[in-house]
Amino acid sequence: MASGQITGVEALLRWNHPDLGTVSPGQFIPLAEETGLIVPIGRWVLKEACAQNMAWQHRGLRPVTMAVNLSPRQFADPHLLHDVDEALLASGMSPVLLQLEVTESMVMRNVSRAIKILDAIQSRGIRLAIDDFGTGYSSMSLMKQFPIDTIKIDRSFVRDLPVDSEDQAIAQAIISMGKALGMTVIAEGVETVEQEAFLRSHACDEMQGFLFSMPLPAKQMADLLRAEPRLASPPLQPEAGSGLKSTVV
């Protein structure tokens, strides 16, 4: 937030169906999680995201962090570390450019196992982020145990920041805690200049949200990385075609 520079992108999944049109992730992600299909889908997303990041670099764009969300089933899958290694090897992307995002509830299901997996991931040089922070059940003592580089303030605490004193207190507390633990703090869902001004005044490190850009297909994202404007981009029309596509913001 201090420099206005893009530091990274986050891979999002979008489904443009030939008959149903645009299918919301809120519809197909829970179903994929329930059936177990989220594991091969997540493996594909990870490979595509790493490959896309390298494609941008081959076009002369500077390296940026590629954040990829892990689902609960993926995090519990015994082949997770192998899948991560395969994606990095196939793409040639440096591990330091990959950020894997988990939620508090995922790591709290089995704390001892979670710590082992997170340690193994971080030992590869990969960054780790707690997504939607503040909505789970982690405590300060447990947060000290997890090898986390980044915490992302959940959008529910950002939405009413300019007017809600409780959200202001929560956001300030998360920022202070993150900095005390040596973590990068990112605010999610920033949509207004008032939200940005509050976060900037309280030394939040980074932000993501519609204020800066709507979700973009890879080609438009490359244009944004090249130009790095400070104003939000207008919403895009859904892409033509069918099948699952990886989109970044």
Side-chain angles (χ1 to χ4, degrees), residues 1 6-14 24-26 28-30 32-33 38-39 41-43 45-46 49-50 53 64-77 80 83-84 87 97-111 113-115 117-119 121-122 126-140 142-159 161 167 170-171 173-175 177-179 181-191 195 199 204-213 215 246-249:
M1 294 188 73
I6 299 174
T7 59
V9 295
E10 178 176 347
L12 304 175
L13 200 60
R14 297 293 183 262
S24 166
F28 69 82
I29 293 294
E33 183 77 23
I38 196 66
V39 174
I41 290 174
R43 186 183 303 123
V45 169
L46 184 61
C50 293
N53 202 6
V64 293
T65 299
M66 173 62 76
V68 179
N69 294 279
L70 295 180
S71 77
R73 282 230 184 183
Q74 270 184 291
F75 192 68
D77 187 80
L80 172 62
D83 292 342
V84 171
L97 293 179
L98 179 61
Q99 176 171 289
L100 295 178
E101 301 191 355
V102 297
T103 63
E104 293 171 89
S105 59
M106 284 166 53
V107 297
M108 294 298 291
R109 290 181 180 180
N110 186 331
V111 172
R113 179 187 180 276
I115 291 174
I117 296 297
L118 296 177
D119 279 338
I121 291 173
Q122 194 180 62
I126 299 166
R127 293 183 61 83
L128 287 163
I130 294 287
D131 199 12
D132 305 331
F133 188 83
T135 60
Y137 308 97
S138 59
S139 66
M140 284 287 287
L142 284 174
M143 286 305 297
K144 284 178 58 180
Q145 297 179 50
F146 294 133
I148 300 298
D149 303 290
T150 300
I151 53 176
K152 304 180 74 173
I153 305 174
D154 186 71
R155 65 184 64 241
S156 63
F157 304 120
V158 173
R159 186 181 305 114
L161 263 185
D167 285 345
I170 292 171
I174 294 175
I175 293 170
M177 184 200 73
K179 289 185 176 296
L181 295 175
M183 300 175 181
T184 298
V185 183
I186 302 177
E188 298 181 286
V190 180
E191 299 183 359
Q195 294 166 344
L199 293 162
C204 185
D205 297 307
E206 302 179 6
M207 70 171 186
Q208 67 179 86
F210 292 172
L211 179 64
F212 188 79
S213 174
S246 186
T247 308
V248 292
V249 60

*Asks:* Could you tell me whether the side chains of Q99 and D149 share a donor-acceptor contact shorter than 3.5 Å?
*Replies:*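 No, no side-chain donor-acceptor pair sits under 3.5 Å.
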
*Asks:* Would R113 and F75 count as a cation-pi pair here, with the cationic atom under 6.0 angstrom from the ring centre and within 45° of the axis?
*Replies:*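 Yes.
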
*Asks:* For R127, what residues pass the salt bridge (Lys or Arg N to Asp or Glu O under 4.0 Å) criterion, not counting sequence neighbours?
*Replies:*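 Once residues adjacent in sequence are excluded, R127 has no partner under the salt bridge (Lys or Arg N to Asp or Glu O under 4.0 Å) criterion.
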
*Asks:* Would T184 and E206 count as a side chain to side chain donor-acceptor pair (under 3.5 Å) here? Give the steps.
*Replies:* CA-CA 8 Å; T184 298; E206 302 179 6; 5.3 Å; no

*Asks:* For D205, check salt bridge (Lys or Arg N to Asp or Glu O under 4.0 Å) against everything at least two apart and list the hits.
*Replies:*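 Here the qualifying residues are K179.
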
*Asks:* Determine, stepwise, if the pair L46 / L98 fulfils side-chain contact (heavy atoms from CB on, under 4.5 Å).
*Replies:* CA-CA 10 Å; L46 184 61; L98 179 61; 4.1 Å; yes

*Asks:* E188: what forms a side chain to side chain donor-acceptor pair (under 3.5 Å) with it, not counting sequence neighbours?
*Replies:*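 Scan of E188 (side chain to side chain donor-acceptor pair (under 3.5 Å), adjacent residues dropped) gives none.
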
*Asks:* Given side chain to side chain donor-acceptor pair (under 3.5 Å), test Q74 with N69 step by step and report yes or no.
*Replies:* CA-CA 10 Å; Q74 270 184 291; N69 294 279; over 6 Å; no

*Asks:* Examine distances only and state if a side-chain atom of E33 and a backbone atom of P30 form a donor-acceptor pair shorter than 3.5 Å.
*Replies:*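 Between the backbone of P30 and the side chain of E33 there is no qualifying donor-acceptor contact (under 3.5 Å).
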
*Asks:* List for me each residue that meets side chain to side chain donor-acceptor pair (under 3.5 Å) alongside D154, sequence neighbours excluded, and say none if there are none.
*Replies:*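 By the side chain to side chain donor-acceptor pair (under 3.5 Å) rule, D154 matches S156.
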
*Asks:* Under the salt bridge (Lys or Arg N to Asp or Glu O under 4.0 Å) rule, collect the residues that match up with E101, sequence neighbours excluded.
*Replies:*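 E101 satisfies salt bridge (Lys or Arg N to Asp or Glu O under 4.0 Å) with K152 only.
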
*Asks:* Listed by chain and number, what are the side chain to side chain contact (heavy atoms under 4.5 Å, CB included) partners of I29, not counting sequence neighbours?
*Replies:*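 For I29, the residues satisfying side chain to side chain contact (heavy atoms under 4.5 Å, CB included) (neighbours in sequence not counted) are L13, P25, I38.
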
